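In listed order, ligands and their atoms are each counted from 1. We use all heavy atoms of the structure for the numbers below, so side chains are in, but hydrogens, waters and symmetry mates are not. Everything quoted here is computed from the prediction, not taken from an experiment.
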Amino acid sequence: MRHLLEIDDLTVDELHRVLDLATDPSPPRVLEGRGMALVFEKPSARTRNSMEMAVFQLGGHPMYIQASEVGMDVRESVEDVTRTLACYHGCIGARVFAHATVERMAGEGLVPVVNMLSDEAHPLQALADILTLHQEFGDLAGRTLAYVGDGNNVFRSVALAAGMLGAEVRFAGPIGYRLPDTDRQRLVESDVNIIEFDRAADAVDGADAVYTDVWTSMGQEDEAAQRHRDFENFRVDEALMEAAGPKAIFLHCLPAHRGEEVTDGVVDGPASRVWPQAANRMNAARGLLAWLLGEVVDGGSGT
Ligand code: CP
Ligand code: NVA
């Protein structure tokens, strides 16, 4: 049984295959007559909508479930919720606070589990990110992605994805918000090396793409005031995009907190690709599910 809990659950070849399927003009109806449970512990605009539409386009029935409704570890255990959902659905997606929750779901080994964002990873976002970069630049080998801000779930996943496809990955963020050594080791295991900078302007110099995410992720609201102070020098504004160079594009997973990690002028400016990137969430999700359910599960190449 295969799952997508983090990008390195895929090999480089599988990443390429998912990207190919993401732009397949005739999506295979791999979910015909089947459902996909989409469980959310946190709010979502892009992930819920893109997943529901991707499931629909593959012939399946998406079922949105608020975690509070099924009461994971409240009404019954995460394991019993998973066993129940697997009675009706060919796949389970979950957006959770603790990454361990998606690991526990996957550990049941009943149906493929897709991480729709945890405190550690956002692999579906990373698939859309590399699809957007691929559409812009073609082969990512030799391209440079500079991420400015919090070394969070979005950064971990996009660093893995872009790095696995051969891009140089740079990071600039305050001390205390960088990836711990354990994460860096995991990246090294996928041949991904992150180059860290103290100053945002140095990280973006000559980069092909500049990426940022919110300073305060869902679940960290109590830290917002401190984070605003700590991240003040890591805002992506027009001056930083100028430091990157005239060809650099701007990416953001969204939602953007305009005026905090990014200015209106950048989000709405000529370098911004945030809307194609958001649109690619549906394409990437469809590619992932077409591969996972059509070629791994039904194709028999799963283990
Ligand atoms: N980028 C992203 O995951 O957006 P949502 O939180 O709206 O799903
Ligand atoms: N890092 C953000 C991403 C939202 C899509 C969060 O976890 O809230």
Pair Glu223 + Arg229: basic N to acidic O under 4.0 Å: no
What part of Leu117, side chain from CB on, backbone N/CA/C/O, both or neither, has a heavy atom under 4.0 Å from ligand 2? side chain
Backbone or side chain, does any N or O of Ser217 fall under 3.5 Å from an N or O of ligand 2? yes
Is a donor on one side and an acceptor on the other found under 3.5 Å between the side chain of Gln277 and the backbone of His252? yes
Ignoring angles and geometry beyond distance, decide whether Met218 reaches within less than 3.5 Å of ligand 1 through its nitrogen or oxygen atoms. no
Heavy atom of Asp150, distance to ligand 2 below 4.0 Å: no
Between Asp8 and Arg186, is there a salt bridge with N-O shorter than 4.0 Å? yes
With no hydrogens and no angle check, just 3.5 Å: does a side-chain donor-acceptor pair link Glu168 and Asn193? no
With nothing but distance in play, are any N or O atoms of Pro255 less than 3.5 Å from an N or O of ligand 1? no
Check whether any side-chain N or O of Arg46 sits under 3.5 Å from a backbone N or O of Arg281 as a donor-acceptor pair, and report yes or no. no
Which residue supplies the protein heavy atom nearest to atom 3 (C) of ligand 2, what is that atom called, and how far is it? Asp213 OD2, 3.6 Å
Could you tell me which atoms of ligand 2, counted from 1 in the order shown, lie closer than 4.0 angstrom to a heavy atom of Leu254? 5 (C)
Give yes if a backbone or side-chain nitrogen or oxygen of Arg95 is under 3.5 Å from a nitrogen or oxygen of ligand 2, and no if not. no
Identify, for atom 4 (O) of ligand 1, the protein heavy atom at the shortest distance, and state residue, atom and that distance. Arg46 NE, 2.9 Å
Taking only non-hydrogen atoms of Lys42, do any sit less than 4.0 angstrom from ligand 1? no
Distance filter under 4.0 Å to Asn152 heavy atoms, resulting ligand 2 atoms: 1 (N)
Between Arg83 and Glu108, does at least one N-O distance fall below 4.0 Å, as a salt bridge requires? yes
For ligand 1, indicate whether the residue Gln277 contacts it via side chain, backbone, both or neither (heavy-atom separation under 4.0 Å). neither
Suppose we call two aromatic rings close when their centres sit under 6.0 Å apart. Are Tyr177 and Phe231 close by that rule? yes
Does the Lys NZ or Arg CZ of Arg48 fall within the cation-pi geometry relative to Tyr64 - under 6.0 Å from the ring centre and within 45° of the axis? yes
Classify the ring geometry between Phe155 and Tyr147 as parallel (under 30°), tilted (30 to 60°) or perpendicular (over 60°). tilted
Look only at interatomic distance and state if Met218 has a nitrogen or oxygen under 3.5 Å from any nitrogen or oxygen of ligand 2. yes
Under a 4.0 Å threshold between the charged nitrogen and the carboxylate oxygen, would Arg258 count as salt-bridged to Asp268? yes
Using distance alone, determine whether Leu117 and ligand 1 share an N or O pair under 3.5 Å. no
Restricting to heavy atoms, the pick from Met116, Met51, His122, Arg48 nearest atom 3 (O) of ligand 1 would be His122
Please list, in number order, the atoms of ligand 1 under 4.0 Å from a heavy atom of Ala45. 5 (P), 7 (O), 8 (O)
So that I can tick it off, tell me whether Arg156 and Glu6 are bridged by a salt bridge, with the cut-off set at under 4.0 angstrom between side-chain N and carboxylate O. no
Among protein heavy atoms, which lies nearest atom 6 (O) of ligand 1, and at what distance? Arg95 NH1, 2.8 Å
Would Leu240 end up clustered with Val267 when hydrophobic side chains under 4.5 Å apart are linked, directly or stepwise? yes
As an exercise, identify every atom of ligand 1 less than 4.0 angstrom from a heavy atom of Arg281. 1 (N), 2 (C), 3 (O)
Would you say His122 and ligand 2 have an N/O pair spaced under 3.5 Å apart? no
